[in-house]
Amino acid sequence: MKIALLTTETKHHCLFVEKFLKYFPIDLIIVETESVSAPFDTAHSFEAEREDFELEQFFKGDTPSLENYCPVHESRNINEPGVLEAMGRHNIDTVIVFGTSFIKGELLSRYKGSMINLHGGDTELYRGLDTHLWAIYHNDFDSVVTTLHLVDENLDTGHIIAKGQINLSNVNTLAELRAENTLLCVELTVSAIAHFEKLGRFVTSKQRSLGRYYSFMPKDLKDVCVRKYNRYRDKL
């Protein structure tokens, strides 16, 4: 099995790679360098706190880089022809997607059925962006889950491989949520890859409903999420 990870350069993605490599090798990491931003202010202070927390908690203050773990191929957009060419040179047959833009075209066609995506939320309720935050905003703490699903032609609609509930008792503040989600992502992916290795396919179930699509959460609504999460956490 030759595995590629399609992702972006962030601390939590480095954390995913570091933990995942304890179980399976990654033969190639495709790093998407172009990002889409909202036409309004989304930056919040808890996100800066999140960066500091992850840096100190997992990397002892030393900024990590994906290229320190595995061979890396950078691409402006994940659907550029060079991505497929790089994956071909490495004989990739299994693909993990964690935090890229929408995958389509020849890349999807080539790996359909063997390409899986990690979605920070319940795809049957919350698709798109900032979905953990949107669940918190709606006081839907039971939906602060992670979904591992096949990639198909639409956004976050592929058949589900696994869902996992994030243990919020381990998350003292909203700044710690992303790291806890990442550790769960490792657990779900390792289990799925192990089953794929034995069976030659992913065991899936069709989604029961089409989750509502959510876009970027504005800064002011993130203020609301921080307050709601703190109140929720105080009651645990």
Side-chain angles (χ1 to χ4, degrees), residues 5-8 10 12-13 16 30 32-44 46-47 50 76-80 83 95-109 111-113 115-166 168 174 177-178 180-182 184-185 188-189 192 202 204-226 228-229 232:
L5 172 67
L6 280 51
T7 191
T8 57
T10 67
H12 73 295
H13 292 154
F16 175 87
I30 304 291
E32 187 175 40
T33 59
E34 183 181 71
S35 61
V36 178
S37 58
F40 47 81
D41 189 9
T42 63
H44 193 278
F46 94 82
E47 293 161 333
R50 180 177 66 191
R76 181 182 61 85
N77 182 273
I78 204 66
N79 297 300
E80 289 182 341
V83 170
V95 182
I96 303 164
V97 182
F98 191 6
T100 71
S101 59
F102 184 45
I103 293 173
K104 54 189 176 181
E106 191 175 356
L107 179 59
L108 174 60
S109 298
Y111 290 101
K112 190 173 182 181
M115 179 184 289
I116 59 178
N117 180 61
L118 288 156
H119 175 72
D122 186 339
T123 55
E124 295 176 301
L125 296 170
Y126 301 88
R127 297 183 301 117
L129 307 175
D130 288 335
T131 43
H132 283 151
L133 295 180
W134 286 113
I136 292 169
Y137 177 79
H138 290 297
N139 296 307
D140 187 8
F141 291 91
D142 288 340
S143 293
V144 183
V145 305
T146 299
T147 306
L148 180 65
H149 64 89
L150 291 177
V151 177
D152 66 7
E153 292 81 3
N154 299 301
L155 187 66
D156 300 332
T157 61
H159 287 197
I160 292 173
I161 299 167
K163 283 186 187 180
Q165 188 85 37
I166 295 177
L168 295 180
L174 209 52
L177 178 60
R178 187 171 76 171
E180 191 67 22
N181 172 66
T182 302
L184 179 56
C185 285
L188 296 178
T189 309
F202 291 108
T204 66
S205 59
K206 186 177 180 180
Q207 296 199 35
R208 296 167 296 177
S209 59
L210 181 65
R212 176 181 172 183
Y213 175 78
Y214 289 84
S215 187
F216 295 97
M217 178 175 280
K219 176 184 177 181
D220 290 347
L221 296 189
K222 289 179 181 179
D223 279 334
V224 176
C225 287
V226 170
K228 287 190 174 187
Y229 187 79
Y232 173 82

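Because the structure is a prediction, the values reported are computed rather than measured. Values below: all heavy atoms of this structure, side chains included; hydrogens, waters and symmetry mates excluded.
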Take the angle between the ring planes of His44 and Phe46 and call it parallel below 30°, perpendicular above 60°, tilted in between. tilted

Pairwise side-chain contact, [X] with [Y], heavy-atom cut-off 4.5 Å (strictly under):
| X | Y | result |
| --- | --- | --- |
| Leu177 | Tyr229 | no |
| Tyr214 | Leu129 | no |
| Ile161 | His149 | no |
| Val97 | Ile78 | no |
| Thr204 | Ile160 | no |
| Leu133 | Leu174 | yes |
| Leu107 | Leu6 | yes |
| Leu148 | Phe202 | no |

Decide whether a cation-pi geometry holds between Lys219 and Phe40; the criteria are a distance under 6.0 Å from NZ or CZ to the six-membered ring centre and an angle within 45° of the ring axis. no

Can you tell me how far the [atom1] atom of [X] sits from the [atom2] atom of [Y], to the nearest 0.5 Å?
| X | Y | atom1 | atom2 | result |
| --- | --- | --- | --- | --- |
| Phe141 | Leu168 | CZ | CG | 8.0 Å |
| Ser209 | Asp122 | OG | CG | 7.5 Å |
| Met217 | His132 | CE | NE2 | 12.0 Å |
| Leu125 | Arg212 | CG | CZ | 11.5 Å |
| Leu108 | Glu153 | CG | CD | 5.5 Å |
| Thr10 | Arg50 | OG1 | CZ | 9.0 Å |

Does a donor on one side chain sit under 3.5 Å from an acceptor on the other, for [X] and [Y]?
| X | Y | answer |
| --- | --- | --- |
| Thr157 | Asp152 | yes |
| Asp156 | Thr123 | no |
| Tyr126 | Asp140 | yes |

Is it the case that over 12 heavy atoms from other parts of the model lie below 6.0 angstrom from the CD atom of Glu106? no

Can you tell me if Tyr232 has over 12 outside heavy atoms packed within less than 6.0 Å of its OH? yes

From the list Leu5, Ile116, Leu184, side-chain contact (heavy atoms from CB on, under 4.5 Å) with Thr189 holds only for Ile116

Testing the basics here: between [X] and [Y], what is the closest heavy-atom pair and its distance to 0.1 Å?
| X | Y | value |
| --- | --- | --- |
| Glu32 | Ser101 | OE2-OG, 2.6 Å |
| Leu150 | Gly113 | CD2-O, 3.9 Å |
| Phe16 | Ile96 | CZ-CG2, 4.3 Å |
| Arg208 | Lys163 | NH2-NZ, 4.2 Å |
| Thr42 | Glu47 | O-OE1, 3.7 Å |
| Gly128 | Tyr213 | CA-CE1, 3.4 Å |

Under 3.5 Å donor-acceptor, Asn79 side chain and Lys104 backbone: yes

Side-chain donor/acceptor of Thr131 to backbone N/O of Arg127, under 3.5 Å: no

Determine whether Phe98 and His12 satisfy the following criterion, ring pair (Phe, Tyr, Trp, His ring centres under 6.0 Å), listing intermediate values before the conclusion. CA-CA 10 Å; Phe98 191 6; His12 73 295; 5.6 Å; yes

